[in-house]
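All values below come from the heavy atoms of this structure, side chains included, with hydrogens, waters and symmetry mates left out.
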Amino acid sequence: MRILVSCDRYPGLPLDGLTLRIHHYARYLSARHELDLVCLGDDTEVNEEIEAFFRNVRRFPRPLPAIPGSRLSKLASGLNPATLFPHSPEVQAHLLECAGSGHYDLIWDAGCNMLFNLKLLRKSVPLLADQVDDSFLRMQRELLLASTPYAKLWTLKQIALTWLFSFQHLRKAGAVLFVSQADADSFKRMLPSANTTVVENGVDEAYFCPAKTTAQDKDQVAPEIVFEGSMFFAPNIDAARYFVEMIFPLIRRELPQARFTIVGRNPAPEVLALAGDGVDVTGSVPDVRPYLQRASIFVCPMRSGAGIKNKILQAWATGKAIVSTTEGVGSLKISEGQNILIRNTPQDFADSVVELLRNPAQAAKLGDAGRRTIESHYTWAAKARELEALMEQIVQNHAARQRRAS
């Protein structure tokens, strides 16, 4: 197949769930198909490793926001979906040339911010709209946590804009792709006519692996609880604050020596302010694996957000016992009490962490089961084969519709 990959950012480094997917899936697909990349972000350093997966790479400047101004002026602006994602005249001109070439069999749009620009090309080429996670599910959870009238009104407006955008651009896509069934189901409730499907993320099971430590080494390590993620991302900020303010004091009451380490790039001021007695905030680190491998317990105290949690896949791959909220696991293949513990109140969450810290054998059993879950369900190679099969089916369906129409 000849596939055009479009993305609203240059996937030079796998820094988030979207660019992580492009890195691993493009590596697999490029060995069997022709890939071109068109993206925003011409000011980003070139990554020769990722560019080797593509025959051509075209990068364009990021367009300016459609509605500058104050928060109130943005709230008062109309329900125009174009305000969600600014148009790029440069990208549209390039894709207009592509539209006349008849060169592509499929558009793989990663995210959705480029869909306005792809409008002309989509008339003749089928679209795989890789949403990664569902904005409706994320915003519905944010609405429940909104603490001010402005926050509630803003979230309600974003839900309305997103529905209009989805109706215009996703309703007739060859497939709308998500990383979890919960996200696909949420989107389907909002737009029943859309063709939704799921291909979950994987994890590099050779790169993220259990530490080679002896029993003596483990005895010498002080109890350390780890949470990892991009610490400028609002759901991760909320999770870190929730754990430090509501859960960790209950743990320290039982285990005063316990420590909590927050690992992740670009921590927001609210996260930096959490550093203190027993709490470390690392900021950006060159490699998260040492923090995962030395952790006694990994926690995922998410209360908002959507999609699959790559942080859980990575912790499972390193053989760590995990305590999470329901929101933290999405539609992962969990087995309560076997490969993870799900706890949704501060006291229950704290009690389970304390129990695991006091019982390393139980923690090791949970961690081993998590590693087996990765090996059986979440390797990138297996997920890439699922994505390739989906792409081939979309192309075949499009060809069949064209034959019937002719």
Side-chain angles (χ1 to χ4, degrees), residues 133 137-152 154-155 221-285 288 291-292 294-307 309-312 314-315 320-330 336 340-358 363 366:
D133 53 27
L137 183 59
R138 172 179 53 81
M139 289 186 289
Q140 287 163 7
R141 290 171 174 172
E142 289 175 359
L143 187 63
L144 294 175
L145 296 173
S147 57
T148 66
Y150 176 87
K152 292 182 184 296
W154 175 256
T155 304
V221 176
E224 183 174 8
I225 306 158
V226 170
F227 175 59
E228 180 268 327
S230 298
M231 287 303 154
F232 58 87
F233 184 49
N236 287 337
I237 296 171
D238 177 76
R241 292 187 60 185
Y242 173 56
F243 189 85
V244 171
E245 296 169 1
M246 304 296 293
I247 299 172
F248 194 50
L250 303 176
I251 296 171
R252 294 268 283 185
R253 187 181 303 166
E254 299 294 325
L255 297 172
Q257 73 276 27
R259 300 194 62 80
F260 179 47
T261 303
I262 302 170
V263 183
R265 63 191 178 100
N266 301 335
E270 304 98 304
V271 176
L272 292 172
L274 298 174
D277 187 21
V279 179
D280 296 319
V281 178
T282 69
S284 300
V285 297
V288 302
Y291 296 90
L292 296 176
R294 80 186 190 202
S296 304
I297 303 292
F298 186 86
V299 295
C300 190
M302 309 288 289
R303 298 190 297 175
S304 61
K309 299 301 181 286
N310 297 300
K311 55 177 66 69
I312 286 188
Q314 293 170 0
K320 291 298 147 182
I322 301 173
V323 183
S324 175
T325 56
T326 299
E327 290 80 4
V329 296
E336 163 61 29
I340 199 167
L341 299 181
I342 304 299
R343 302 292 183 265
N344 290 314
T345 69
Q347 189 65 63
D348 289 345
F349 204 115
D351 289 346
S352 292
V353 171
V354 169
E355 181 181 356
L356 290 174
L357 292 176
R358 286 174 170 169
L366 271 179

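Counting heavy atoms from C-beta on, the side chains of V299 and S324 never come closer than 4.5 Å. Contact annotation: the side chain of V323 never approaches that of I225 to less than 4.5 Å [non-hydrogen atoms, C-beta and beyond]. Residues E224 and I297 fail the side-chain proximity criterion, which asks for heavy atoms closer than 4.5 Å. Side-chain contact between M231 and I262 is present, with heavy atoms from C-beta onward closer than 4.5 Å.
Side-chain atoms of N236 do not come within 3.5 Å of backbone N or O of G229 as any donor-acceptor pair. Of the possible polar contacts, one joining the T325 side chain to the G328 backbone as a donor-acceptor pair under 3.5 Å is found.
L356 contributes atom CG, which lies 10.0 Å from atom OG of S296 (distance to the nearest 0.5 angstrom). Separating the CD atom in E228 from the OG1 atom in T282 is a distance of 9.0 Å, to the nearest 0.5 Å. Atom CE of M246 sits about 7.5 Å away from atom CZ of R303, to the nearest 0.5 Å. Separation of atoms CD1 (I322) and CD (Q314) is listed at 10.5 Å; rounding is to 0.5 Å. Rounding to the nearest 0.5 Å places CD1 of I340 at 8.5 Å from CG of L366. Put simply, OH on Y242 and CD1 on I247 are 4.5 Å apart, with the number rounded to the nearest 0.5 Å.
Nearest heavy atom pair, residue A146 against residue K152, reads O-NZ, 3.3 Å. Here the closest non-hydrogen pair linking A321 and A363 is CB-O, 3.4 Å. The two residues I251 and A258 have their closest heavy-atom pair at CG2-CB, 4.2 Å. Contact record, V226 with F260: C-CE1, 4.2 Å, taken as the closest heavy-atom pair. Contact detail for A239 and M302: the closest heavy-atom pair is CB-SD, 3.7 Å.
Here D280 pairs with R259 under the salt bridge (Lys or Arg N to Asp or Glu O under 4.0 Å) rule; sequence neighbours left out. In this view, R253 satisfies the salt bridge (Lys or Arg N to Asp or Glu O under 4.0 Å) rule with no residue, not counting sequence neighbours. In terms of the salt bridge (Lys or Arg N to Asp or Glu O under 4.0 Å) criterion, residue partners of E245 (sequence neighbours excluded) are, by chain and number, R241.
Side chains of N344 and T326: a donor on one and an acceptor on the other come within 3.5 Å. Side-chain contact annotation: Q347 with D351, donor-acceptor N/O pair under 3.5 Å present. Between the side chains of E327 and S304, no donor-acceptor pair of N or O atoms lies under 3.5 Å.
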For F243 and L274, run side-chain contact (heavy atoms from CB on, under 4.5 Å): C-alpha distance rounded to whole Å, both residues' side-chain angles, the deciding distance at 0.1 Å, then the answer. CA-CA 10 Å; F243 189 85; L274 298 174; over 6 Å; no

Decide yes or no on side-chain contact (heavy atoms from CB on, under 4.5 Å) for N266 and S284, but give the supporting numbers first. CA-CA 6 Å; N266 301 335; S284 300; 4.1 Å; yes

Can you list the steps and then say if I342 with V329 is a side-chain contact (heavy atoms from CB on, under 4.5 Å)? CA-CA 9 Å; I342 304 299; V329 296; 3.6 Å; yes

Evaluate the criterion side-chain contact (heavy atoms from CB on, under 4.5 Å) for residue pair L341 and F349; output intermediate values, then yes/no. CA-CA 9 Å; L341 299 181; F349 204 115; over 6 Å; no

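Using a 30° and 60° split on the angle between ring planes, F298 and F227 fall in the tilted class, from 30° to 60°.
With respect to D277 and R252, a salt bridge is recorded, a charged nitrogen being found less than 4.0 Å from a carboxylate O. Contact check on E336 versus R343 returns a salt bridge, with a Lys/Arg side-chain nitrogen under 4.0 Å from an Asp/Glu carboxylate oxygen.
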